[in-house]
Amino acid sequence: MSHPADSRIGALFARLRAEGRTALVPFVTAGDPSPDVTVPLMHRMVAAGADLIELGVPFSDPIADGPVIQRATERALAAGVRLTDVLDMVRAFRTDNSQTPVVLMGYLNPIEIMGADTFAAAAAAAGVDGALVVDVPPEEAAELAGLLRPQGLDLVYLLAPTSDAERIARIGEVASGFVYYVAVKGVTGAGNLDIDAVAAKLTEIRARIELPVGVGFGIKDGASAARVAAVADAVIVGSAIVERIEALVDRPAEIPDAVGGFLAELRAAIDAAGGV
Amino acid sequence: MATVADDISRLTAAVPHAGYRLPDASGHFGRYGGRFVPETLMHPLAELTAAYERFLKDPAFLAELDNDLRDYVGRPSPLYHAERWSRELGGAQIYLKREDLNHTGAHKVNNTVGQALLARRMGKTRIIAETGAGQHGVASATVAARMGLECVVYMGEVDVARQEANVYRMRLLGARVVSVTSGSRTLKDALNEAMRDWVTNIDDTFYIIGTVAGPHPYPAMVRDFQAVIGREARAQMLERSGRLPDVVMACVGGGSNAIGLFYPFIDDADVRMIGVEAGGDGLASGRHAAPLCAGKPGVLHGNRTYLMEDENGQITETHSISAGLDYPGVGPEHAWLKDSGRAEYVAVTDAEALAAFHALTVTEGIIPALETSHALAYAAKLAPTLRRDQTIVINLSGRGDKDMHTVARLDGIQL
């Protein structure tokens, strides 16, 4: 399935492609450090240049996440944030923003316990555009994808340095919205980004997948964002933002401006680098 | 005369039955199992599966495994008739499969010997493992020391504190023990951290999972390495009494010692299979580690299985007197065996396990692990309801030396 222009994700990438720009995609954990911070933070991120927001759904056992996002998850869980609360945050965000796509990023079990069919309907009703379920590779995705698609939700897949040609092709057949290339072998927040290796792998991916390709894991600052922007359709930044939130857990009122300022830096660096 | 040692440790004898052939090609046991992992791990898991299936048919690999099981582990382990305890209980005859007599004192080493051989043949130079009570960590550090491989063991901070002696054993063996401080700081978090290490170091690292959980092929592979327990026990019972046991029984945490015993009996429809979970303070208290008895299906650590979780899908903290059973999930094959009705699963409390620990110790002169004591506790309930000519085989999965401090403390004694 390609990206129909009537979906927010499809419309976004079509517009950016026409403008020759690269998307800036921030990730924050929903409800970190408390539920009331998230919606104002989402609006502030859009104002600072975010094109699409990835909202992390807290899960007790986040095996793909490094220490920074693990701690964000623990803060959100301690604040009592559930999947239903995350959907409420998106619904609240939509009252003032009908344009910016929101993709939920998390793990399967909270969705499975809610009931994947219930989740699909509730997420669509709340204004969610897609889901990236980290521990659902295409081999296990048929049921979930079959429930999300009729609701107009994209199931976003990961690609990794270890994905060979056969896997890339297979994911290309089932992916929708965009694909997310994990730039390093490691967990979120890892520090060993090799931009030449990323560029080479993206060439391999683009030969087999037409969808936009976002790149995340290991992007920490304007310089690394600019280098990735030169080869990717979207630059995804998570741990570096969550670190700034963590530094202000005792002064949550300052979080939106701190994150907004950082995103403005990234935005400027990306735009200076030019699009793909 | 051909002895048990000559012909039953063979991995190739893993399936004495034609009927039961799970998991399927994609690693599922019915709706359970599978491969729920981030994309980065999919290719390494496919490589591991291919290597495992290749070596399973390689006579040189199997001969090496047989030699290690005999000369290093000390197999076959005896099947011991606990006559005095059976008489005292006044019913069925109880036989103990003595995995406590293996090198390192538990069944865990059957699996680590096998996976370490596989690691070496795959050219991996670094071993990682998770551990709860420390038995799998010790068994992994042991085989790594023998092969000269680097070894890192992840262990929850809570378990590091309550299993000090095993932490020291691992360090003596040259392993680096990493204390895991995230989440509930127990076995499940150690497993999370080991997965994170693996995803970061996949090129040179082999992850030895210690139980029949995790993504495919681990549940099948660990089962196949542990099935030597059931193959030996089956042959030993036939040799001794000319017939199969009426009941086979084992404790279930992740479930590797239980699957190891059960698997060769699956097609023997008349043999009852009973897995005993950790009931902690009682199932009604909510403080337990019994996902099969009181949990519901979900997805954790790469597979779909029964879990201890709250109504929002968050994994909950478990409680058991035994660190080795203190895990919120269970191997997916057990989930399948439960739903299909082929195996029964029950739970006993901490107090019942402790009573059985003392009973076996004073009647048979065998000090069992607290994990194993859960199976003994249920046998003590079941045996009196059976006839004297009926038999129960219990997997005596480990020895109790590691639990001296825990038991002494519960008895109010300072060692």
Side-chain angles (χ1 to χ4, degrees), chain A residues 57-67 70-71 73-74 77 80-85 106-115 119 132-141 143 157-164 166-168 170-171 179-182 184-190 192 217, chain B residues 25-28 31 33-47 180-184 188-205 214-216 295-305 307-317 328-329:
Chain A
V57 179
F59 178 53
S60 53
D61 294 83
I63 55 167
D65 287 305
Q70 286 174 47
R71 288 194 298 268
T73 296
E74 289 180 12
L77 288 174
V81 176
R82 303 158 299 177
L83 178 51
T84 52
D85 300 313
Y107 298 80
L108 180 57
N109 204 49
I111 293 173
E112 180 141 318
I113 296 310
M114 177 182 277
F119 166 76
L132 198 178
V133 190
V134 177
D135 53 354
V136 177
E139 286 82 347
E140 302 286 356
E143 189 184 336
Y157 289 92
L158 298 174
L159 286 163
T162 52
S163 307
D164 57 16
E166 190 188 330
R167 292 199 60 79
I168 294 169
R170 176 177 199 158
I171 289 166
V179 293
Y180 183 140
Y181 180 63
V182 174
V184 298
K185 290 176 189 166
V187 293
T188 54
N192 45 345
F217 284 42
Chain B
S26 59
H28 294 87
R31 63 183 292 223
R35 208 176 252 173
F36 293 88
V37 294
E39 173 62 21
T40 312
L41 290 179
M42 290 302 285
H43 183 70
L45 285 168
E47 273 185 342
V180 177
T181 57
S182 58
S184 62
K188 81 173 178 72
D189 310 284
L191 218 148
N192 292 341
E193 207 54 39
M195 299 269 259
R196 292 178 188 123
D197 179 314
W198 197 34
V199 90
T200 307
N201 300 292
I202 32 183
D203 294 333
D204 68 347
T205 296
H216 180 62
K296 56 182 186 289
V299 172
L300 177 70
H301 293 153
N303 67 99
R304 181 177 283 118
T305 187
L307 299 174
M308 302 273 295
E309 56 193 328
D310 68 16
E311 67 281 9
N312 301 305
Q314 307 298 345
I315 307 306
T316 51
E317 292 192 21

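Throughout, a chain's letter reflects where its sequence line sits, starting with A, and its residues are numbered from 1. Model, not experiment: these values are computed from the prediction.
The closest donor-acceptor contact from the side chain of Ser60(A) to the backbone of Ile315(B) lies under 3.5 Å. Proximity of a side-chain donor or acceptor of Asn109(A) to a complementary backbone N or O of Gly313(B) within less than 3.5 Å is detected.
The nearest pair of heavy atoms linking Leu300(B) to Phe59(A) is CD1-CZ, 4.3 Å. In terms of heavy-atom proximity, Glu39(B) sits nearest to Ser163(A) at OE2-OG, 2.7 Å. Annotation for Pro110(A) and Gln314(B): closest pair CG-NE2, 4.4 Å, computed over non-hydrogen atoms.
Atom CG of residue Leu159(A) and atom CE of residue Met42(B) lie 12.0 Å apart, to the nearest 0.5 angstrom. Rounding to the nearest 0.5 Å gives a distance of 11.5 Å between CD of Glu193(B) and CD1 of Ile63(A). The distance from the CD1 atom of Ile202(B) to the OG1 atom of Thr162(A) is 5.0 Å, given to the nearest 0.5 Å. For the atom pair CD (Glu139(A)) and CZ (Phe36(B)), the distance works out to 10.5 Å, reported to the nearest 0.5 Å.
No part of Leu191(B) comes within reach of chain A, as not one of its non-hydrogen atoms sits under 4.5 angstrom from that chain. Looking at Asp61(A), both its backbone and its side chain come within 4.5 Å of chain B, counting heavy atoms on both sides. With a 4.5 Å cut-off on non-hydrogen atoms, Leu158(A) touches chain B through its backbone and its side chain both. Residue Pro215(B): no heavy atom, backbone or side chain, is found under 4.5 Å from chain A. Residue contact with chain B, scored on non-hydrogen atoms closer than 4.5 Å, involves the side chain of Ile171(A) exclusively. For Asp310(B), the part lying under 4.5 angstrom from a heavy atom of chain A is the backbone only.
By number of non-hydrogen pairs under 4.5 angstrom with chain B, the leading residue of Pro161(A), Pro58(A), Pro62(A), Ala190(A) is Pro62(A). For the set His28(B), His301(B), Glu311(B), the entry with the most heavy-atom pairs within less than 4.5 Å of chain A is His28(B). The candidate with the highest count of non-hydrogen atom pairs below 4.5 Å against chain A, out of Leu307(B), Asn192(B), Asp203(B), Leu41(B), is Asn192(B).
Using a 4.5 Å heavy-atom threshold, the side chains of Gln70(A) and Arg196(B) count as touching. When side chains are defined from C-beta on, Leu83(A) does not count as touching Asn312(B), because their heavy atoms never get closer than 4.5 Å.
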Q | Glu140(A) and Arg304(B): CA distance, side-chain angles, deciding distance, salt bridge (charged side-chain N to carboxylate O under 4.0 Å, His left out) verdict | A | CA-CA 11 Å; Glu140(A) 302 286 356; Arg304(B) 181 177 283 118; 5.3 Å; no
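Taking the ring pair (Phe, Tyr, Trp, His ring centres under 6.0 Å) definition, one finds that His216(B) meets it with nothing, sequence neighbours left out.
More than 12 heavy atoms of other residues, nucleotides or ligands sit less than 6.0 Å from atom CD of Glu47(B).
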